[in-house]
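A, B, ... follow the sequence lines: proteins, then strands. Residue 1 opens every chain.
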Amino acid sequence: MLRWPVPRARAWLAANTWAPDWLPRWLRHPVASYVAPVLAIALAAALTSGLEHSLTRFSFHGMAGFLAILVTAIVWGAGPGIVGALLNAITLNFVVVLPQSPGDHDVPSQIVGFTLALCFGATVSLVGSQAEARRRRLVAEHAAITVLERQESVLAAIVQSSQDAITSRDREGRIISWNPGAERLYGYSAHEIMGQPYTVLVPEHLREQARQVVEDALRDSLQIQLETTHRHRDGHLIDVAVSGNVTYDSDHRVIGTAAIVHDITARRQMEAERDRLLESERDARTAAEQALQARDEFLATAAHELKTPLTGLRGFTQTLLLLSDKGTLDPVRSRTALRSIEVQTNRLTQLVGRLFDVARLETGRIVLERAPIDLTNLCEEVVATLEPYANAHSFALEAPGPVVADVDELRIEQVLTNLLDNAIKYSPDGGQIAISVSSPSTDNAQIAIRDHGLGVDEQHRAHIFERLTQAHAEDYRSGLGLGLYISRQIVELHGGQICAEFPEDGGSLFTVLLPRGTATRVE
Amino acid sequence: MARVLVVDDDATVRAYIGMALEEIGHEVMAAEHGIAALIILESRLPDVILLDMRMPQMDGWEFAQRYRDRSGPKAPIVVMTAAQDAAQRAAQIAADSYLAKPFDLTALYECVERFATSA
């Protein structure tokens with residue numbers, strides 16, 4: 001029965017005992033809080049002990065005691081104040097009191113005096129401590145408000161000065177805050193956008209996805225992290241990185257979302273540019289490697305082709321020298337050797353000429369010397385030149401008459417020679433070689449060369465106009481593989497086209513189409 | 001005195017080797033590809049065969065293979081090639097020697113003499 005007031009009293013004392021921060025640490029100890037009233041009352045008693053007149057002493061001690069109670073209550077709280085009041089009542093009635101009159105120190109009057117002093121002291125203690133408690137509360141509240149205000153102003157400064165868009169939405173997705181960064185990013189002023197659904201910022205095809213992300217976040221209190229595309233007020237799309245979170249009220253209920261939106265358009269562009277550069281660098285490297293390999297193959301083939309005529313040239317020259325030194329050189333052998341030397345020299349000249357042509361074509365250094373030329377006549381001349389070397393072949397030239405085109409005569413002659421030479425070389429069993437010159441339209445002239453020889457295997461057809469392609473390399477000594485390549489380059493330089501067909505009944509048909517240029521008017 | 005078979009599709013090379021070797025008393029037979037060479041070899045056995053590699057109809061590789069597959073005595077083969085890796089080409093067909101085009105007249109003479117004396 002007696003136990004319950006003890007904890008309650010202890011709790012009351014604990015709640016009503018404090019020590020201000022300005023006191024030294026050792027004076028803030030709970031023990032110090034209760035030693036303080038003892039010392040205060042003892043000090044009051046000591047101060048009054050020297051006074052002569054007992055009444056003066058009594059009333060002075062009363063004043064000093066109640067002052068000590070007040071100070072104690074304010075500084076250490078109501079608990080120590082009450083203890084002080086108790087001590088004060090004891091000292092006032094049982095220690096300091098003087099027998100002025102007989103009735104003064106009888107026991108009942110002492111009890112009445114003690115009770116009055118205790119009640120008054122307790123009242124002083126409670127009033128003082130409550131006043132102090134109230135003061136402390138006000139100070140704390142003020143301090144809390146100041147901290148809150150400072151935090152808010154810091155946050156506001158961050159939001160206002162951010163380059164990124166910082167916005168918040170309510171649970172229904174309506175925009176409820178909009179910073180200057182958002183104005184810059186999206187082009188909407190705060191006035192225009194407040195209260196609008198955030199989906200106005202999202203392109204139609206991404207709205208469902210955006211809605212889903214926000215719904216998930218609101219339902220499960222998730223963070224929002226995504227890179228997506230938003231739309232500016234003027235319609236253009238912006239690549240953005242969105243970092244968001246749900247927002248809560250003071251009762252920790254989800255009330256919406258807030259997000260920082262960072263413009264990553266520039267970054268995306270840089271990434272795309274970097275990818276593009278990487279790819280083009282890769283392509284360039286592959287092309288360079290292929291070019292290098294092609295060049296090596298070309299050089300090996302060229303060296304091989306050049307060595308063959310050189311073998312005959314060197315051999316015959318040395319043989320001639322030997323025979324001449326020995327005096328056994330007769331006119332027949334001399335002529336055989338010199339004739340071979342001439343043939344091989346021509347062959348070398350042609351090879352070197354082709355190599356030179358390729359070099360000039362590839363560096364774009366061939367300049368056409370155009371003049372109105374009769375292609376029919378040119379074909380006749382080329383056939384006349386080649387006929388002596390083609391005993392097994394017959395030539396048939398078909399033309400409506402002169403077909404004049406504005407071309408470089410020597411270069412087109414080179415093309416025709418190459419095509420007819422091939423026609424002869426790749427029809428080893430002879431047969432007819434038909435050449436037709438025509439003018440399929442007023443702007444174009446056409447030369448077609450048809451042989452009935454070997455044709456070209458299907459696997460080689462796609463590549464015959466490429467450099468170093470030898471469709472018959474396995475069976476025939478077909479040179480550098482440059483003839484058709486050079487021919488195509490020359491025809492294309494004229495703005496024309498060259499193509500090859502391989503008819504069902506064998507052989508090949510090469511067609512050269514050339515723009516006639518100003519020759520159309522000359523004719 | 002040696003009997004030499006020249007197998008090369010280039011008429012100039014055949015003519016030059018013929019003239020040069022006959023001048024110092026060798027007997028020269030010539031074929032423009034492997035098939036022609038095999039026909040000659042059916043009736044005559046040379047002391048040495050000078051063989052070009054790239055030829056129409058039958059090239060040097062195929063000729064060497066067929067020649068070795070045949071029974072009877074075999075003449076040594078000297079490869080003549082304009083390729084960069086002449087020694088490698090010769091090794092491919094297990095030839096006895098090689099002449100890298102364009103070869104010197106002296107080299108031709110030395111090579112033929114070597115096989116003429118060993119024969």
Side-chain angles (χ1 to χ4, degrees), chain A residues 296-330 332-348 351 389 425-426 428-429 454 470 472-481, chain B residues 4 6-26 28 30 32-36 50-63 78-86 88-89 98-113:
Chain A
D296 288 349
E297 283 170 16
F298 179 73
L299 287 175
T301 312
H304 187 277
E305 286 307 307
L306 291 170
K307 278 178 187 173
T308 305
L310 275 178
T311 308
L313 276 175
R314 188 180 198 183
F316 267 123
T317 312
Q318 290 180 336
T319 308
L320 279 181
L321 276 171
L322 180 81
L323 298 186
S324 163
D325 290 349
K326 285 170 73 179
T328 54
L329 187 61
D330 58 78
V332 178
R333 289 202 288 183
S334 167
R335 185 171 162 71
T336 307
L338 288 171
R339 174 72 189 134
S340 290
I341 287 171
E342 190 200 11
V343 170
Q344 298 307 325
T345 309
N346 290 343
R347 196 166 145 190
L348 264 182
L351 280 171
Y389 302 99
K425 194 157 55 172
Y426 299 121
D429 300 328
L454 302 166
Q470 293 167 302
H472 301 280
E474 296 85 3
D475 303 318
Y476 284 85
R477 204 174 268 289
S478 44
L480 284 169
Chain B
V4 182
V6 184
V7 192
D8 197 313
D9 63 331
D10 192 298
T12 309
V13 173
R14 293 198 303 270
Y16 139 62
I17 293 175
M19 190 183 284
L21 292 180
E22 278 167 2
E23 173 61 23
I24 56 167
H26 297 300
V28 179
E32 63 174 319
H33 45 65
I35 295 172
L50 302 180
L51 179 68
D52 183 28
M53 296 307 286
R54 271 182 64 178
M55 291 179 291
Q57 317 280 355
M58 185 190 288
D59 62 23
W61 288 272
E62 194 179 347
F63 166 80
V78 175
V79 163
M80 302 185 291
T81 176
Q84 298 289 341
D85 48 351
Q88 217 175 320
R89 289 278 167 99
Y98 67 90
L99 287 167
K101 288 179 178 178
F103 46 83
D104 198 69
L105 183 60
T106 326
L108 175 69
Y109 280 168
E110 278 172 7
C111 177
V112 172
E113 291 298 328

In terms of heavy-atom pairs under 4.5 Å, which option from B/D104, B/V13, B/T106, B/L108 contacts chain A the most? B/D104

At what distance, to the nearest 0.5 angstrom, does OG of A/S340 lie from CZ of B/R14? 10.5 Å

Do B/K101 and A/H304 come within less than 4.5 Å of each other through their side chains, counting heavy atoms only? no

Region of A/L310 in contact with chain B, defined by heavy-atom distances below 4.5 Å: both

How far does OG1 of A/T311 sit from CG of B/D10, to the nearest 0.5 angstrom? 7.5 Å

Check: A/T319/B/E23 side-chain N/O donor and acceptor closer than 3.5 Å: no

Provide the closest heavy-atom pair for A/R314 versus B/P102 in the form atom of the first, atom of the second, distance. NH1-O, 2.6 Å

Of A/L323, A/I341, A/T317, the largest count of non-hydrogen pairs under 4.5 angstrom with chain B goes to A/L323

A/K326 side chain reached by B/I24 side chain, heavy atoms, under 4.5 Å: yes

Evaluation steps, side chain to side chain contact (heavy atoms under 4.5 Å, CB included), between A/L320 and B/Y16: CA-CA 10 Å; A/L320 279 181; B/Y16 139 62; over 6 Å; no

Excluding sequence neighbours, so at least two apart, what forms salt bridge (charged side-chain N to carboxylate O under 4.0 Å, His left out) with A/D330? A/R333

Contact leader toward chain B among A/A300, A/A337, A/G315, where contacts are heavy-atom pairs under 4.5 Å: A/G315

Look at atom CZ of B/F103 and say whether more than 12 heavy atoms of other residues, nucleotides or ligands are closer to it than 6.0 Å. yes

Can you list everything that forms a salt bridge (charged side-chain N to carboxylate O under 4.0 Å, His left out) with A/E342? Sequence neighbours excluded, please. A/R339

Heavy-atom nearest pair, A/F316 first then B/T12, reads CE1-O, 3.4 Å

Under 4.5 Å from a heavy atom of chain B, the part of A/L306 involved: neither

Shortest non-hydrogen separation from B/A82 to A/T308 and the atoms involved: CB-OG1, 4.3 Å

